[in-house]
There are 2 protein chains.
Amino acid sequence: MRLFAHLGYAAVSMRQIAAEVGVQAGALYNYTADKQSLLMSLMELHMQDVLDARQAARSEGTPLARLESFVKFHIGFHLARPDALLVSYMELRNLEPENFAKIEALRRDYENELERILSDGTAQGIFSLDDPKIATLAIISMLNGVVHWFRPDGRLEQVDIEEIYWGMVRRAVGATDWSDGSVCCLDKGAIA
Amino acid sequence: MRLFAHLGYAAVSMRQIAAEVGVQAGALYNYTADKQSLLMSLMELHMQDVLDARQAARSEGTPLARLESFVKFHIGFHLARPDALLVSYMELRNLEPENFAKIEALRRDYENELERILSDGTAQGIFSLDDPKIATLAIISMLNGVVHWFRPDGRLEQVDIEEIYWGMVRRAVGATDWSDGSVCCLDKGAIA
DNA sequence: ATGCTAACTGAACAGTCGTTCAAATCAATC
DNA sequence: GATTGATTTGAACGACTGTTCAGTTAGCAT
């Protein structure tokens, strides 16, 4: 996973992988049918990890509370597995068609929860979104970007990052967030 | 550029590139020193394109107006060159160190304008951001995500996409956007 | 037609790729 | 200590990699 994340699937040889785990290339084939299956296993296991962990962390409540839970989960989970997130989004194009379809389906399952939250919130009038579908993709992209600059020994703790991103997402969806004091108005001229 | 964008630098052979332009592999070496230089040229030319075009489109004004200009420029420019954007962000790891440093510097020049806008806006109190540096990266990530789903024959026109993303960005930075009617309050309890 | 230059071909080079497999090694049981 | 079964090695396979280059082709000025 580490090699794929840093160098890319196509640029990593079976001999490099073997060397990384202290073995000759041929020995790898006792554990994987071929290189493609190895990539597929890594991605499938990761996606299942994400879905299982999310299932466990999921909770009912207002769309705003669910959105906060989703955003902080997504960041927290992937800050602990930056390599897996990188591979899952950058190596999709190296999957054979049937494998791609499977991973894509799992990814969609995960992102569908976010889309549902945004749709619910928009329907209830507590979010202000033109297009929940695109907002879903935009938010996921924004959150995923964190793995490109995050360093464990950097100036920010995981919880800081979660809060910063949550703040931006909350405002981005136009949440009328009365409960905790910060306010955002939706209707034109509602104040002015 | 198209091959690199769709298959990845490491997965594309010089023979494939040659076939795409109707020539034998050897002929390519009249135009590029080697494969790495070809990638470098594509990326350098693109980054220079971006910077030149941005320089031309740049304008003074309030941070809010400058932010709107930047966001719509970024989306519009890259929707016309999705392959170039994909390559510029996904193939950074395939650049040799000195090439990487050059491209990285150009990229930073470009993103620095956004960071400056966000810092100015925050200093003037018209944006509400905890961390302009991270907000810059978050916004760029969000905007770049558009190339992963955009299809020229899709349901949305370029201008629609610009407006949707601009709406999300404007809210994400917590802009107090009184001028055009939509309002967003920053201070806790300002309305309630 | 001739000469000149630039462009291209097609074969070849030395490596590396993913993958296979007989032979060697290891660990555990009887 | 012998036997068994699982693991690993190390060499080999054919295909493909980026790159080079002598030889051919094409276009143009004389």
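Note that the structure is predicted; figures quoted are calculated from it, not measured. Here is the naming used below: chain letters follow the sequence lines, and residue numbers restart at 1 for every chain.
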Practice item. Classify every nucleotide of nucleotides 21-26 of chain C by which part a protein heavy atom approaches to under 4.0 Å, writing B for the base, S for the sugar-phosphate alone and - for neither, in 5'-to-3' order. Key: ------

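- In the helix from C:dG3-D:dC28 to C:dC30-D:dG1, the rotation axis of the first five pairs and that of the last five pairs differ in direction by 0°, rounded to 10 degrees.
- A:Gln24 has a side-chain polar atom (N or O) that falls below the 4.0 Å cut-off from OP1 or OP2 of D:dG10.
- Among residues two or more places apart in sequence or in another chain, the side-chain contact (heavy atoms from CB on, under 4.5 Å) test is passed with A:Val12 by A:Leu3, A:Phe4, A:Leu7, A:Gln16, A:Ile17.
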Cut-off 3.5 Å, no hydrogens considered: what does the side-chain donor-acceptor table look like for residues 120-127 of chain B, sequence neighbours left out?
from	atom 1	to	atom 2	distance (Å)
B:Asp120	OD1	B:Arg116	NE	3.3
B:Asp120	OD2	B:Arg66	NH1	3.3
B:Asp120	OD2	B:Arg66	NH2	3.0
B:Thr122	OG1	B:Leu118	O	2.7

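- Sorted by first then second residue, the side-chain hydrogen bond (donor to acceptor under 3.5 Å, both in side chains) pairs that include residues 78-87 of chain A, not counting sequence neighbours, number zero.
- In this structure, the side-chain contact (heavy atoms from CB on, under 4.5 Å) partners of A:Asp130, at least two apart in sequence or on a different chain, are B:Ile164.
- Between the CG atom of A:Asn94 and the C1' atom of C:dG18 there is a distance of 15 Å, given to the nearest Å.
- Side-chain contact check for A:Gln36 versus A:Tyr9: some heavy-atom pair is nearer than 4.5 Å.
- A:Lys102 places no side-chain N or O within 3.5 Å of a backbone atom of A:Glu44 that could act as its donor or acceptor partner.
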Practice item. Step by step, work out the side-chain contact (heavy atoms from CB on, under 4.5 Å) result for A:Val87 and A:His46. Key: CA-CA 10 Å; A:Val87 169; A:His46 171 68; over 6 Å; no

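- Annotation: side-chain hydrogen bond (donor to acceptor under 3.5 Å, both in side chains) contacts of A:Tyr31 (sequence neighbours excluded): none.
- Taking every heavy atom of residues 29-37 of chain B and every atom of DNA chain D, pairs under 4.0 Å involve B:Tyr29, B:Asp34, B:Lys35, by number.
- The side chain of B:Ala25 lies closest to D:dT19 when the candidates are D:dG10, D:dT19, C:dG10.
- Identified under the side-chain hydrogen bond (donor to acceptor under 3.5 Å, both in side chains) test for residues 146-156 of chain B, with sequence neighbours left out: A:Asp131-B:Arg155, B:Trp149-B:Tyr165.
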Check residues 49-58 of chain B and write down every donor-acceptor pair under 3.5 Å in which the side-chain atom is one partner and the other belongs to a residue at least two apart or another chain.
from	atom 1	to	atom 2	distance (Å)
B:Arg54	NE	B:Glu113	OE1	2.9
B:Arg54	NE	B:Glu113	OE2	3.3
B:Arg54	NH1	B:Ser69	OG	3.1
B:Arg54	NH2	B:Ser69	OG	3.1
B:Arg54	NH2	B:Glu113	OE2	3.0
B:Gln55	OE1	B:Arg58	NH1	3.4

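- Residue B:Lys72 forms a side-chain hydrogen bond (donor to acceptor under 3.5 Å, both in side chains) with just one option from B:Gln158, B:Glu162, B:Glu163, and that option is B:Glu163.
- Taking every heavy atom of residues 5-17 of chain B and every atom of DNA chain D, pairs under 4.0 Å involve B:Val12, B:Ser13, B:Met14, B:Arg15, by number.
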Just distance, no hydrogens or angles: give the donor-acceptor pairs under 3.5 Å from side chains in residues 132-143 of chain A, sequence neighbours left out.
from	atom 1	to	atom 2	distance (Å)
A:Lys133	NZ	A:Glu115	OE1	3.2
A:Thr136	OG1	A:Pro132	O	2.7
A:Ser141	OG	A:Leu137	O	3.4

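- When each of A:Leu42, A:Leu39, A:Leu38 is tested with A:Thr32 by the rule side-chain contact (heavy atoms from CB on, under 4.5 Å), just one qualifies, namely A:Leu38.
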